[in-house]
2 protein chains.
Amino acid sequence: MAAKARQQTENKAEADAGKTVKTQTTKVSRNPQRTHATILDAATEEFAAHGFGGARMDAIAARAQTNKRMLYHYFGDKEGLYLAVLEASYATIRNAEKQLDLARRHPEEGMRELALFTWRHFLAHPEFLSLLATENLHHAHYLQRSDKVSAMHSHLIDELADVLRRGEVLGIFRPAVDPISVYLTIAALGFFYLSNRHTLSTIFARKLTSPDALNDWGEHIVAVTLASIRA
Amino acid sequence: MAAKARQQTENKAEADAGKTVKTQTTKVSRNPQRTHATILDAATEEFAAHGFGGARMDAIAARAQTNKRMLYHYFGDKEGLYLAVLEASYATIRNAEKQLDLARRHPEEGMRELALFTWRHFLAHPEFLSLLATENLHHAHYLQRSDKVSAMHSHLIDELADVLRRGEVLGIFRPAVDPISVYLTIAALGFFYLSNRHTLSTIFARKLTSPDALNDWGEHIVAVTLASIRA
DNA sequence: CCAACTTGTAACCAAATAGTTATATCATGC
DNA sequence: GCATGATATAACTATTTGGTTACAAGTTGG
């Protein structure tokens, strides 16, 4: 993962203001932020790959090229680390959503954009899907007690509601379509395909992850979504 | 679970042919099939609730009201037990599918029936969904090496293809619709809603599991599926 | 330039965990 | 009616696991 690569490169980029610029080459140099971030990345991989119960603190420490003491130092305990991973993953998608600007688009184009955005985000962040699956296995136990995640609510539903209303006014979308149902439909089609691709391709003996297949499914999501709301 | 209830009731129903009918009331009576089945039920619960890594052999033994030695006796090791659980779960759905007879139905009715069947099966077997999620976390590692599961292939796709073809002939469905895509669409809408209901209801602050909500979503699946294939 | 604090390492520990062994008891074919 | 194998119990073991402690070394404010 990227964290490992940026290891011995940038070292305190702002602390050397006027001081002796001996960016020491001793093997053990400090960088709390980097260590924190590296641990978080490693933990994300480990929890996504093995679930909460299957994840090993030792393995995370090894992945992050540090030791367990640091995990407990920065994150308290296994649950605290898991929660931090979950919150960071949600923060990533909430942040990405900001790039969307559906307000000035034709409703049909807006719907297409929203569906493809969701699909592409899932594609780019498979660890997010795995974490969601894990968290749901635990009945969202950790998510519920996260004040951070509940604080960063998505504007997606509001934007979607606006697109639907404008489509309705234009007479191209059915009236009174429920935006949450539409969002769930888009998310379901993307999530299921990617999250369950391993069992599905085993059962159906079909390759689901070739670039073409992935592209086709993105278009399928758009087509199904539009068909379901068109007047 | 049901296994516990049927504990001290039926005991060797055929072995008492002419022999002394002292169906002994000693606390320790034997019944290998029941023990086997009870362990499987308990393991299904445990693996579905905690995933493979989080499941505990001791907990399964306790749930089944037996001891670890029996788990290893009947299933070899943890992986063997997990695989048996997975195979039994697939056998359940394959078995249920036999009740479907879409061939003599009007295509539109057939599609409705297929979608609702899938939805109802997911509703009735939440543990199947959890196991699927867990198995996909492990990239279908265990499913791939199961000759049992690959042997019991579903006829659902064949039946679905037939329904689609008849609908096409009648001019009500679009031509050349891919049956696997249609099945994935139906499964996705059901799976995602149920599997992710905990995080979803946390994020959207909406109750998704009331009887009405569940029924509505079933109808939503039917509506979306039909809209996506109609001519 | 040094006292106070932060960041890091490695060895350690108690509890938990998958798997085993010793042994007892039931069922049944002969 | 009993030898034999299958079914059951509980105590045991080697290893792993989450979490801790002792201590070393880097960093920084006064």
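Naming convention: chains lettered A, B, ... in sequence-line order (proteins, then strands); numbering from 1 in each chain.
Remark: B:Phe117 engages no residue in a ring pair (Phe, Tyr, Trp, His ring centres under 6.0 Å) (not counting sequence neighbours). Applying the side chain to side chain donor-acceptor pair (under 3.5 Å) rule to B:Arg94 yields the partners B:Glu97; only residues at least two apart in sequence or on another chain are considered. Annotation: ring pair (Phe, Tyr, Trp, His ring centres under 6.0 Å) contacts of A:Tyr72 (sequence neighbours excluded): none. Legend: residues meeting side chain to side chain contact (heavy atoms under 4.5 Å, CB included) with B:His220, ordered by chain and number and at least two apart, are A:Ser181, A:Thr185, B:Trp217, B:Val224.
Considering only side-chain N and O atoms, A:Thr66 lies nowhere under 4.0 angstrom from the phosphate OP1 or OP2 of C:dG8. For B:Thr35, no side-chain nitrogen or oxygen approaches OP1 or OP2 of D:dT7 to under 4.0 Å. Taking only side-chain nitrogens and oxygens, B:Asn67 comes nearer than 4.0 Å to OP1 or OP2 of D:dT9. At least one side-chain nitrogen or oxygen of B:Tyr74 sits closer than 4.0 Å to the OP1 or OP2 atom of D:dA8.
For B:His36 and D:dA6, the NE2 to P distance is 15 Å, given to the nearest whole Å. In this structure, A:Arg34 places its CZ atom 13 Å from C1' of D:dG26, rounding to the nearest Å. As rounded to whole Å, 16 Å separates atom C1' of C:dA22 from atom NE2 of B:His73. Here D:dA8 presents its P atom at 11 Å from CD of B:Gln33, a figure rounded to the nearest Å.
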Could you list the donor-acceptor pairs under 3.5 angstrom formed between side-chain atoms of residues 80-92 of chain A and any protein atom two or more places apart in sequence or on another chain?
{"residue": "A:Tyr82", "atom": "OH", "partner": "A:Glu135", "partner atom": "OE1", "Å": "2.7"}
{"residue": "A:Glu87", "atom": "OE2", "partner": "A:Ser146", "partner atom": "OG", "Å": "2.7"}
{"residue": "A:Thr92", "atom": "OG1", "partner": "A:Ala88", "partner atom": "O", "Å": "2.9"}

Any protein N or O atoms within reach of nucleotides 16-19 of chain D? Criterion: under 3.5 Å, listing atom names and distances.
{"residue": "D:dT17", "atom": "OP1", "partner": "A:Arg56", "partner atom": "NE", "Å": "2.7"}
{"residue": "D:dG18", "atom": "OP1", "partner": "A:Ala55", "partner atom": "O", "Å": "3.0"}
{"residue": "D:dG18", "atom": "OP1", "partner": "A:Arg56", "partner atom": "NH1", "Å": "3.3"}
{"residue": "D:dG18", "atom": "OP1", "partner": "A:Lys78", "partner atom": "NZ", "Å": "3.1"}
{"residue": "D:dG18", "atom": "OP2", "partner": "A:Met57", "partner atom": "N", "Å": "3.0"}
{"residue": "D:dG18", "atom": "N7", "partner": "A:Lys68", "partner atom": "NZ", "Å": "3.1"}
{"residue": "D:dG19", "atom": "OP2", "partner": "A:Tyr72", "partner atom": "OH", "Å": "3.2"}
{"residue": "D:dG19", "atom": "OP2", "partner": "A:Lys78", "partner atom": "N", "Å": "3.0"}
{"residue": "D:dG19", "atom": "N7", "partner": "A:Lys68", "partner atom": "NZ", "Å": "3.0"}
{"residue": "D:dG19", "atom": "O6", "partner": "A:Lys68", "partner atom": "NZ", "Å": "2.5"}

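Between B:Phe52 and B:Tyr142, the gap from one ring centroid to the other is short of 6.0 Å.
Minimum atom distance to the side chain of B:Arg69 is reached by D:dT9, of the listed C:dT7, D:dT9, D:dT7.
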